[in-house]
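The structure appears below as structure tokens.
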Amino acid sequence: IKFMQRGLDLETKKQLEEEEKKIISEEHWYLDLPELKEKECFIIEEQSFSLCEDLLYGRMSFRGFNPEVEKLMLQMNAKNKVEEVEDEAVELDVSDEEMARRYETLVGTIGKKFAKKRDRASYEEDENGHIKPTVKVKKMFLKPQ
Amino acid sequence: MAEAGGITTESVAGDRARAARTMLDQVVLPGEELLLPEQEDAEGPGGAGERPLRLNAGTRSRGRVVCGPGLRRSGDRLLVTKCGRLRHKEPGGGSSGGGVYWVDSQQKRYVPVKGDHVIGIVTAKSGDIFKVDVGGSEPASLSYLAFEGATKRNRPNVQVGDLIYGQFVVANKDMEPEMVCIDSCGRASGMGVIGQDGLLFKVTLGLIRKLLAPDCEILQEVGKLYPLEIVFGMNGRIWVKAKTIQQTLILANILEACEHMTADQRKQIFSRLAE
């Protein structure tokens with residue numbers, strides 16, 4: 001049913017196109033030129049001097065007048081020379097041992113915070129000042145004798 | 001008669017194309033054509049009896065030759081458009097290509113080039129952009145978002161009359177030049193508003209390139225005098241700042257004058273200043 005069909009089906013469209021291509025009649029226009037081969041151009045035009053001469057970075061500071069600019073000078077000029085400037089990687093990471101030591105004591109201090117008032121007395125202090133939680137004895141019902 | 005006529009017409013027509021390699025570091029004039037090394041082999045001894053120097057007869061691979069400022073491509077040859085000395089640089093490292101040829105010329109008028117770092121003066125603030133005078137035919141436009149850490153709420157503190165150090169992102173003869181104060185990663189890397197005080201003065205473009213050369217003795221000597229800060233703009237503008245006004249003025253005078261001084265005269269002046 002062709003009701004509500006705005007256009008032709010995909011299939012019918014394809015068939016029509018193929019038929020059109022097959023029929024190349026005299027009315028079909030084409031350019032009568034020899035095939036133009038694109039010449040491979042070996043010359044590139046550049047208008048910038050920065051490619052020709054290795055110029056230094058434009059901002060400069062001497063004898064510590066502007067420390068930030070002096071840092072920049074080192075960075076930018078090293079980039080030009082393609083030298084790997086070793087960044088001073090400051091060790092911000094804490095070693096694993098130190099981390100474990102901190103956590104040991106942390107358990108005691110945080111635990112003390114959440115313990116009830118009666119249990120706080122059970123927290124003893126070590127020689128180093130680290131708080132160690134002592135094992136709590138659960139109070140059971142004592143039968144009167 | 002015919003021979004003489006032939007030679008004169010040749011020279012008048014300017015058809016003599018010379019090999020680029022023979023003209024290195026010599027003065028070239030606009031209108032001259034230069035042959036690249038690969039074409040010398042093809043032309044052979046037929047071209048006006050000039051035997052080009054064969055410095056690297058072994059290379060047959062045609063790398064890409066870059067023609068820099070002052071040269072244009074005309075067919076397979078280079079056409080000179082500015083008068084000056086012809087220079088050449090071999091490609092460094094493992095990069096292929098025939099190197100770079102350019103003309104070392106002198107001029108005072110700056111033409112904006114993409115990627116150049118320049119010093120500009122803010123002349124107007126209209127809506128979202130600043131108009132910056134860079135010494136070219138048109139003022140460049142600088143968007144307020146083109147600064148490090150700038151957002152729509154957090155506008156940069158730029159007033160009319162401020163000095164800006166930035167680079168061009170768009171610079172051709174058909175459009176108004178546009179500049180920015182951040183690099184491709186979004187960092188300022190030294191660009192932006194140049195601080196208070198100091199002195200801005202204008203020099204020729206050739207002097208800027210001479211001072212920014214990697215082996216410039218002038219800057220090394222200047223740096224030993226006293227603490228100072230210099231910003232070079234490729235548009236011929238230099239901004240200097242030192243601790244006192246007198247030192248700043250001495251520095252400005254030295255930089256302006258060193259274009260026309262010989263090395264000996266310069267050393268004399270520096271030794272006098274060091275006292």
Side-chain angles (χ1 to χ4, degrees), chain A residues 29-96 98-99, chain B residues 36 38 62-73 75-78 87-89 92-93 97-98 100-102 104 111 113-119 165 171-172 189-191 194-195 205 208-209 211-214 216 219 222-234 241-243:
Chain A
W29 290 45
Y30 60 93
L31 287 171
D32 193 10
L33 293 171
E35 261 194 36
L36 294 170
K37 270 186 285 178
E38 200 188 286
K39 284 190 197 163
E40 211 183 331
C41 67
F42 292 98
I43 307 177
I44 311 171
E45 279 189 26
E46 284 265 349
Q47 288 300 318
S48 165
F49 272 107
S50 56
L51 198 70
C52 309
E53 313 169 5
D54 293 321
L55 298 177
L56 297 173
Y57 185 58
R59 283 196 88 147
M60 300 188 185
S61 157
F62 295 100
R63 293 179 69 164
F65 195 77
N66 193 337
E68 293 163 8
V69 174
E70 300 211 352
K71 247 195 295 175
L72 260 175
M73 274 170 75
L74 291 172
Q75 261 180 16
M76 305 299 257
N77 294 335
K79 251 194 253 175
N80 281 352
K81 290 176 190 166
V82 199
E83 278 170 25
E84 286 284 317
V85 176
E86 286 282 327
D87 281 335
E88 299 158 16
V90 180
E91 283 294 324
L92 292 169
D93 293 336
V94 187
S95 69
D96 294 336
E98 246 190 76
M99 191 75 163
Chain B
L36 292 173
E38 290 82 16
R62 294 183 73 162
R64 293 187 161 235
V65 171
V66 179
C67 76
L71 293 172
R72 290 186 76 173
R73 181 173 78 96
D76 274 345
R77 304 172 178 187
L78 299 176
R87 306 271 189 220
H88 175 62
K89 184 177 97 160
V100 194
Y101 287 92
W102 76 93
D104 198 357
V111 173
V113 167
K114 182 173 164 175
D116 262 3
H117 293 262
V118 294
I119 300 180
Y165 186 62
N172 52 45
S189 68
M191 295 188 270
I194 298 177
L205 306 189
I208 301 271
R209 283 186 280 122
L211 290 173
L212 283 179
C216 180
L219 277 183
V222 155
K224 290 180 202 155
L225 285 177
Y226 34 72
L228 49 94
E229 190 185 346
I230 316 181
V231 180
F232 293 98
M234 296 296 288
K241 183 172 171 186
K243 290 217 169 110

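Computed from a predicted model, the values in this text were never measured in an experiment. In what follows, chains carry the letters A, B, and so on, assigned in the order in which the sequence lines appear, proteins first and then strands, with residues in each chain numbered from 1.
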Output for pair (D104(B) CG, F49(A) CZ), nearest 0.5 Å, gives 6.5 Å
What one should report as the nearest heavy-atom pair of S48(A) and D116(B) is OG-OD1, 4.2 Å
Between C52(A) and P69(B), the two heavy atoms sitting closest are SG-CD, 3.7 Å
Between E229(B) and R59(A), does any side-chain N to carboxylate O distance fall below 4.0 Å? yes
Heavy-atom nearest pair, I43(A) first then D76(B), reads CD1-O, 3.6 Å
Region of A171(B) that comes under 4.5 Å of a non-hydrogen atom in chain A: neither
Return the CE to CZ distance between M60(A) and F232(B), rounded to the nearest 0.5 Å. 5.0 Å
If we define contacts as heavy-atom pairs under 4.5 Å, which of R87(B), R209(B), H117(B), K114(B) has the most with chain A? R209(B)
Tell me, side chain or backbone of K243(B) under 4.5 Å from chain A's heavy atoms, or both, or neither? both
Pair count under 4.5 Å, heavy atoms only, with chain A: among G195(B), A213(B), S189(B), A242(B), highest is S189(B)
Are there more than 12 heavy atoms of other residues, nucleotides or ligands under 6.0 Å from atom CD of E68(A)? no
With heavy-atom distances below 4.5 Å as the criterion, would you say the side chains of N66(A) and K241(B) are in contact? no
At a heavy-atom separation under 4.5 Å, does R72(B) approach chain A through its side chain, its backbone, both, or neither? both
Quick one: are E53(A) and L212(B) in side-chain contact, heavy atoms under 4.5 Å? no
Just by modelled atom types, is the R73(B) backbone N or O under 3.5 Å from a matching donor or acceptor in the E45(A) side chain? yes
Check the pair V111(B), Q47(A) against side chain to side chain contact (heavy atoms under 4.5 Å, CB included), reporting the backbone distance first and the verdict last. CA-CA 10 Å; V111(B) 173; Q47(A) 288 300 318; over 6 Å; no
Checking V113(B) against chain A: side chain, backbone, both or neither under 4.5 Å from a heavy atom? side chain
Exam field: side chain R63(A) to backbone L225(B), donor-acceptor pair closer than 3.5 Å: yes
